[in-house]
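In the text below, chain A, chain B and the rest are named by the order of the sequence lines, each starting its count at 1.
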2 protein chains.
Amino acid sequence: MLTKREMLVLKEIIRHYNETGQPVGSKTIMGTLPMKVSSATIRNDMATLESAGLIEKTHSSSGRVPSDAGYRYYLDHLLQPTMVDSDDLNMIQTIFRQKFYQGDELVAQSAKILSELTHYTAITLGPEVGSMRLEGFQLMPLGNRRVLALLITTSGQVVNKTFVIPDTVTGEQLEAVMRVINDQLVGKPIAQVMDQLDSHLVPLISRYIHSPDFFMDLVHSILSEASADRFHISGKMNILDYAHMNDVDQLKSLYHLIDTDDSLANLLGLDNHDDEGSNAHGVTVRLGHEFPNQLLAHMSLIRATYHAGEYGDGIIAILGPSSMPYSKVIGLMDLFRDELARRIADYYRDHG
Amino acid sequence: MLTKREMLVLKEIIRHYNETGQPVGSKTIMGTLPMKVSSATIRNDMATLESAGLIEKTHSSSGRVPSDAGYRYYLDHLLQPTMVDSDDLNMIQTIFRQKFYQGDELVAQSAKILSELTHYTAITLGPEVGSMRLEGFQLMPLGNRRVLALLITTSGQVVNKTFVIPDTVTGEQLEAVMRVINDQLVGKPIAQVMDQLDSHLVPLISRYIHSPDFFMDLVHSILSEASADRFHISGKMNILDYAHMNDVDQLKSLYHLIDTDDSLANLLGLDNHDDEGSNAHGVTVRLGHEFPNQLLAHMSLIRATYHAGEYGDGIIAILGPSSMPYSKVIGLMDLFRDELARRIADYYRDHG
DNA sequence: ATTAGCACTCAACATCAGTAAGTGCTAAAA
DNA sequence: TTTTAGCACTTACTGATGTTGAGTGCTAAT
């Protein structure tokens, strides 16, 4: 159990290290603590903090640096989110006041705003994913053995894809497939349709078409395009600033990670939904070393879920260095999730 | 005018510098020249080359490094493209043998292949741009004041976009607009339609609709999406390897440049079509210092046009360091443009 | 429990040869 | 006239050595 002053010392070490990036010494702390104590006292406190594993030395006579555990302790016990300052608030509201045509634009813009305000990397995910249902499906012959497949979802997303049809396929067959899908599948959640493709669709289509392989491929292909997680990432290049990578190959791997939907889903914890690391504000912080992936070692992921009412939940997240102004960033995220949730609800209410 | 041996010395300096990245000394050259001369002789030749501005010293007693002008001379007079080695050829053909559904995939894959073979950054541009014509236009009401606009081009590209319609717009008006566009504009080149939007479309639509602003916006928006240059870039992160940037901000600017369609168009010279820098193989090389942009200083852009017959011309390009194995890369580009042109012609012939 | 004082540690920086790679120049050889 | 051997000279790089300053841990006094 830490004393009050030890906590303060830890907090100050984290604050200073954040600002300067340099190890912090006892004299520096002495200057900024609210009470008047000597540097020797602080040295003693630091020794305690060090044996508790919360801070580290870079070499035997250096100042102290927060350790992974130190950050964890800070996040869990010491952190108080700051209010978003009015300039930032203004910027957010100004941008959100624009007119958005596509539902996605709102979410994409969010990533942009977040990355610009923080100078880190922002990742956002729209609310549609889970709750999205199939609204319509069309096949339009384009001539010359090509056909345009068009899939519309309840969230207003439209996916189109052109296919080359085998010689054996006739116009009537196209009609039949279209009819079957619109009769049987419209209104069902996309995810469910995906799962039951083989068991449901094959028998239905086989009634009209002898070898339904082509159509199965087609439907599968366009469905997976529609149901793929649509991450919006902004500020990718900021990684160059905050990930102090000496190895170019690691940097490349990191970018690969960010660019791969699967790893991103994994990063955001889209698979398991335990709330570890969440604090009272519904904003969760995961430190890099808590991820299985070595690459994220000195990074930190701040993640918040926003609730767009009946339209489902979405995610906003920020990837940055372990050493960042958490109070500010968490304050920002907390405000932003509400703001975005409201805007999305507005959007769908007005024209959803 | 350079002597035969001076040319050889220049060539060898470039070759060595390429392989090692280190300044090249007279003794090194001595070992690799076909004729037997002493290092002193080569030093004399080097002095000539230096006063001609073709090579440089990094400090007063260092070996020599090719200068910008040296590279230019090499490219214009000394370079002989190498045949593509059979492994690479195999890889190209294997990948091209896959089935492609969208016309674009072929061009996108090309960028991927090129970047993987060279370890540089590849940029490709499909052939459709100039010759693309409007094939069809549809407006489908989606309910709840939304409308889906669908635009199909002769190259098989389909662009869809949803819009929120003002309260005042009626279904008949949608019908009318659709009819006008399909009657009047189908078959015309997209570029031309874009240019004449205001002069042609406004009077046509005004006959049916009092304030055509909304529709003009709509048509304009979807047209520009359809006619935007579709660059495919692959190997972006390789820049980290070959652009030996010490300044992170410069690196960021460079990435911004690559990510901005306008600058990219500019880089590839899509505006002016003079053939400067082109050699007999139809592959042109522009060295970084020849671009107005400071950022590209130590880079080089290898660019080739491929001719997909009646389907128009496209571009493949590689961005890399000034110091690269030009013979190989140019050989590759020369082969690749033919290969890609053939594949694209095949694609459109089979189902275009 | 806190503090002053002091010995100690270590990175960072500067200084100072010594070495190796490479040059330019001169005078002799081809 | 061109090429070559020889040599003095330049410079980056390397490693050893010393100095400084920020910081620590420990002890003994408050």
K.L.:
Check the distance between C/dA1's P and A/Ile42's CD1 and give it to me in whole angstrom.
P.N.:
17 Å
K.L.:
Just compare C/dG5, C/dT2, C/dG24 and give me whichever is closest to any side-chain atom of A/Arg43.
P.N.:
C/dG5
K.L.:
For A/Met91, look at atom CE and say whether over 12 heavy atoms of other residues, nucleotides or ligands are found less than 6.0 Å away.
P.N.:
yes
K.L.:
Among A/Val283, A/Leu335, A/Val329, A/Ile330, find the one that has a side chain to side chain contact (heavy atoms under 4.5 Å, CB included) with A/Pro81.
P.N.:
A/Ile330
K.L.:
Contact class for A/Ser26 (heavy atom, under 4.0 Å): base, sugar-phosphate, or nothing?
P.N.:
sugar-phosphate
K.L.:
Want to settle it: does A/Gly63 or A/Ala40 sit nearer the 5' end of DNA chain D, counting the closest nucleotide to each?
P.N.:
A/Gly63
K.L.:
Taking atom P of D/dG23 as reference, at what distance in whole Å does atom CD of A/Glu56 sit?
P.N.:
18 Å
K.L.:
Take atom CD of A/Glu50 and atom P of D/dG25, then tell me their distance rounded to the nearest Å.
P.N.:
6 Å
K.L.:
Quick check: are there more than 12 heavy atoms from other residues, nucleotides or ligands sitting under 6.0 Å from NZ of B/Lys328?
P.N.:
no
K.L.:
Minimum heavy-atom separation for A/Ala111 to A/Ala122, with atom names?
P.N.:
O-CB, 3.3 Å
K.L.:
Strictly below 4.0 Å: does B/Thr41 bring a side-chain N or O up to OP1 or OP2 of D/dT4?
P.N.:
yes
K.L.:
Summarise protein proximity over nucleotides 8-17 of chain C in one line of letters, 5' to 3': B for base, S for sugar-phosphate only, - for none, counting protein heavy atoms closer than 4.0 Å.
P.N.:
-BBS------
K.L.:
Applying side chain to side chain contact (heavy atoms under 4.5 Å, CB included) between B/Thr121 and each of B/Leu319, B/Ile318, B/Leu301, report the one that passes.
P.N.:
B/Leu319
K.L.:
May I have the distance from A/Met35 (atom CE) to C/dT2 (atom P), rounded to whole angstrom?
P.N.:
9 Å
K.L.:
A/Lys27 near the nucleic acid: base, sugar-phosphate alone, or nothing, with a heavy-atom cut-off under 4.0 Å?
P.N.:
nothing
K.L.:
Once you round it to whole Å, what is the distance between C1' of D/dT24 and CD1 of A/Ile55?
P.N.:
12 Å
K.L.:
If I take atom CE in residue B/Met46 and atom P in nucleotide D/dT3, what distance separates them, rounded to the nearest angstrom?
P.N.:
16 Å
K.L.:
Quick one: which of C/dG24, D/dT3, D/dG25 gets closest to the side chain of B/Asn44?
P.N.:
D/dT3
K.L.:
NE2 of B/His289: more than 12 outside heavy atoms within 6.0 angstrom?
P.N.:
yes
K.L.:
Rounded to the nearest Å, what distance is computed from the NZ atom of residue B/Lys57 to the P atom of nucleotide D/dT11?
P.N.:
10 Å
K.L.:
How about A/Tyr326 and A/Ser300: does a side-chain donor come under 3.5 Å of a side-chain acceptor?
P.N.:
yes
K.L.:
Expressed as a whole number of angstroms, how long is the span from B/Glu6:CD to D/dT2:P?
P.N.:
11 Å
K.L.:
Please tell me if B/Arg64 has a side-chain N or O lying less than 4.0 Å from either OP1 or OP2 of C/dT23.
P.N.:
yes
